[in-house]
Amino acid sequence: MDILSIQNVVKRYHNHVAVDDVSFDIPKGKIFGLLGPNGAGKTSIIRIITTITRADAGKVLLDGEQISSRTPELIGYMPEERGLYKKMKVGEHLKYLGRLKGLSIKECDTKMEYWMEKFEIKDWYKKKIEELSKGMQQKIQFIATVLHEPKLLILDEPFSGLDPVNTNLIKDEIHRLNQQGTSVILSTHRMEQVEQVCERIVLINKGKKILEGQVSEIKNEHKDNIFRLTLDHEVSGDLKYKYNIIEEKSNLYFSLQDGQSSNDLLQELIKKGIGIKSFEEKLPSLNEIFIKVVQNKNQ
Amino acid sequence: MDKIILIFKREYLTRVFKKSFLLTTLLTPFAILLFILVLGFIMTYDSDEKQTIKVSDPSNMMSGTIEESKGIFYEFTNNDLDDLKKEYVEKSDFSGILYIPKIEDIGTSSYTVFYYSDEKLSLDASSSISSKIRSKIKDYKIVQMGIDPTQLENLDTKVTLDPEPISEGVEDTSSMSTLVGSILGGIMGYLMFFIILIYGMMVMRSVMEEKISRIVEIMISSVKPFQLMLGKILGVGAVGLTQIIIWAILIPVFSIIAYTLLGIDSADIAATAGPGINVPPQIEAGITEDIYKVYNELGNLNWILILPLFLIYFIGGYIIYTSLFAAVGSAIGDDLQEGNSLTMPLMLPIVLAVYIMIKAVESPNSSLAVWSSMVPFLSPIVMPARLGADIPFWQIAVSIALLVLFCFFSVWIAARIYRVGILLYGKKASFKELGKWIFSKN
């Protein structure tokens, strides 16, 4: 079952097409990466899902149902451009946002207590937002996003402006919420972050979908048959001639051609009495895949 | 609807419980009162120096006395003018010598009296002395001419113009009611002007703050932009109403307290009204009577009609202008300075309306006043100024109908601009873009 299904969605602004016939599904209970460079159309898609704007064509199903005015209560959205009312106190601010998401005063109180205890910020309750540091404000922002226990959590560039400690704190929370069954969409242009966190991704460029699937599958599909080895001897001339080898620090990268297999390479090395300390297939990073795919498309 | 109420509550409560709101709301009536009192004090302030003037009146036209006034005491003497001059130089315990020559011709209408002194005579003293002498000369002439003083008094007739209706069922008014009506109208018109301007700007700034602090996208992921805008407009409007109601209660209460504390009665205020003019007692009594009439007329006005109408125009004008100010706020980037070119088209009709309002107070039924009180952009300011005068029912009906229609229209326009504007960061939008937003799809 998919938590979200995007079907042939189109969004035009008066001078350009921001989302061009994009379709993808997001399975329930997974952390999903929505990737693409700046201006690719990620935020446009998110704004359609959160019903901030309407698609010009196509369908969006949330948990099997067309999105409607009730959708926002099922979604927790942390936009890239985010902020809080500076003059409000932490407690009343969280309560206000929670109430707007449909929580009762009582529910707000119990949930706030839970989260503020968890983030060890109970004594901030009466502090004004403007008295908090930027990192502290981000924590409040995150609590505000998840307070109403959304089925789907959409985080747009969630780690921008966070120090490493807070980045890990938020990452851990994302994982924990995910384990409890919350589906998560992580939208970012920082592809390396997604590799660590997401299971599935969709890649958007210039409003079009260019890639979709499991991170591991995508990597396998786009691998170049390059293997990294650490050896205890130098390799001899004929091997250098036979294989395409790039040397980098103490590692050797063997780029295998068609007809060459990794097992053949290993056997040959063993035969020559060269000790193998480590052996690993080098998979391309999402960043590399992205650049490659975009270049291919442009050709 | 629940969400609009939540937003309304936040907008209202955060403003009403702000220290600055409490201070301005409670202190403004004090400040106004203080201002009036200080003003009254300045206007009635008399030169506090006392001076004595020796009067030489050989022909005894002043019959030996001139009343003290404005700190000037008159001392009659039989000494020769030259002796007095010597005395002035030697002793200098008086400020000057007033020499009153004999009037040769009773029929003359101009007459010169001489004042000898080395000090300059102040403007105030000069007018006080000549006015005293004028009234003395008048008495002297009356006696000399053999006129009966009561007959003379009866020559002066006070004329009151009393408008009377011809047809039955038309209300009988006095000319005073027109005056009271127009003053009241002027006050209401100005009040509307300030309310619209102050609270329009407040809404605009609040929209901009939400945009600049980047809370707005979080908000509209929970509520519709329209709900956010409406909640804000209504919330700020309620703040305005609260303030007006508090003032409407506090100002009269403070005035009464102050008047009783300081022992000022209405006659004193009447005297303050015409400073510098030497008001004869009978006219002074007339002013007190007029003030009584004003109170009477205020009581006679059709408050049951005027108050609800004022409220309707307040709400209508408020909604039209604040919604458009909200739209402008959403279209301005991160810099308030940039907004001037966008707020200009909103300021123009407001200022225009004030000028028309001033004219409408003078003649509430001129065609300028009638037609501009139909135009929704102008009517909230112009119409209240006409309410004190009797205006035909159809004019009120048409004006309110158009006002209500235009309220919906401007909220609709504003919402269309607002929903696009709040999501665009950075640069200010042009009018062309605003036009596109209005007609663009969601």
Side-chain angles (χ1 to χ4, degrees), chain A residues 10-15 43-44 46-57 69-89 92-93 95-105 108 128-130 137 140-142 144-145 147-148 150 154 156 161, chain B residues 1-15 17-21 205-228 231-232 235 333-334 416 418-420 422-426 429 432-442:
Chain A
V10 178
K11 179 73 192 174
R12 282 181 217 98
Y13 291 108
H14 33 259
N15 43 8
T43 303
S44 292
I46 292 174
R47 283 181 179 170
I48 290 167
I49 300 169
T50 50
T51 71
I52 289 174
T53 53
R54 212 175 293 156
D56 294 324
S69 58
R70 274 192 39 75
T71 304
E73 290 175 13
L74 307 174
I75 295 178
Y77 171 39
M78 189 159 88
E80 183 181 4
E81 297 279 6
R82 50 185 175 253
L84 297 162
Y85 289 111
K86 304 252 174 302
K87 302 273 175 206
M88 274 181 108
K89 290 183 180 126
E92 52 182 37
H93 204 315
K95 196 178 276 182
Y96 179 53
L97 292 175
R99 297 268 287 135
L100 285 176
K101 286 287 188 188
L103 293 182
S104 69
I105 297 175
C108 276
K128 278 190 178 171
I129 299 289
E130 61 189 353
Q137 290 187 23
I140 305 295
Q141 203 102 50
F142 184 79
T145 312
L147 196 65
H148 61 295
I154 304 179
D156 199 353
Chain B
M1 198 59 207
D2 293 355
K3 289 181 178 175
I4 295 182
I5 292 170
L6 275 172
I7 294 164
F8 169 87
K9 257 167 117 182
R10 193 199 84 86
E11 297 288 340
Y12 180 76
L13 293 177
T14 50
R15 281 187 177 75
F17 286 114
K18 238 192 207 166
K19 278 191 204 102
S20 58
F21 175 84
R205 210 164 307 128
S206 161
V207 169
M208 283 183 61
E209 272 163 20
E210 277 179 354
K211 218 178 135 173
I212 291 168
S213 72
R214 302 289 192 255
I215 176 80
V216 70
E217 194 159 347
I218 289 174
M219 288 301 294
I220 58 169
S221 69
S222 303
V223 301
K224 295 247 164 300
F226 179 72
Q227 294 173 317
L228 182 58
K232 182 182 292 297
D334 289 352
R416 312 267 316 163
Y418 182 82
R419 87 211 140 111
V420 183
I422 45 171
L423 287 176
L424 294 183
Y425 305 113
K432 206 173 138 195
E433 283 171 297
L434 293 191
K436 276 186 191 160
W437 295 353
I438 293 172
F439 297 108
S440 70
K441 281 173 285 157
N442 210 354

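What you see is a predicted model; the values in this text were computed from it and never measured. Proteins come first, then strands; the chains are lettered A, B, ... in the order of their sequence lines, and each starts at number 1.
- Closest approach of A/Tyr96 to B/Leu6, counting heavy atoms only: CE1-O, 3.7 Å.
- Between B/Ile218 and A/Thr145 there is no side-chain heavy-atom pair separated by less than 4.5 Å.
- None of B/Lys224, B/Arg419, B/Glu217 except one satisfies the side-chain contact (heavy atoms from CB on, under 4.5 Å) rule with A/Ile52; the exception is B/Glu217.
- Within the 4.5 angstrom heavy-atom criterion, no atom of A/Glu80 approaches chain B.
- Separating the CZ atom in B/Arg10 from the CE atom in A/Met88 is a distance of 5.0 Å, to the nearest 0.5 Å.
- Using a 4.0 Å cut-off between charged side-chain N and carboxylate O, B/Lys3 and A/Glu73 make a salt bridge.
- Separation of atoms CD1 (A/Ile75) and OG (B/Ser221) is listed at 8.5 Å; rounding is to 0.5 Å.
- The distance from the CD1 atom of B/Ile215 to the NE2 atom of A/His93 is 4.0 Å, given to the nearest 0.5 Å.
- The structure places CG of B/Leu423 at 4.5 Å from CZ of A/Arg47, a figure rounded to the nearest 0.5 Å.
- Each of A/Gly102, A/Pro72, A/Ala144, A/Pro79 has some count of heavy-atom pairs under 4.5 Å with chain B, and the biggest count is that of A/Pro79.
- For B/Glu209 and A/Lys86, the salt-bridge test fails: no basic side-chain N is under 4.0 Å from an acidic carboxylate O.
- Note that the OG atom of B/Ser213 and the CD atom of A/Gln137 stand 9.5 Å from one another [nearest 0.5 Å].
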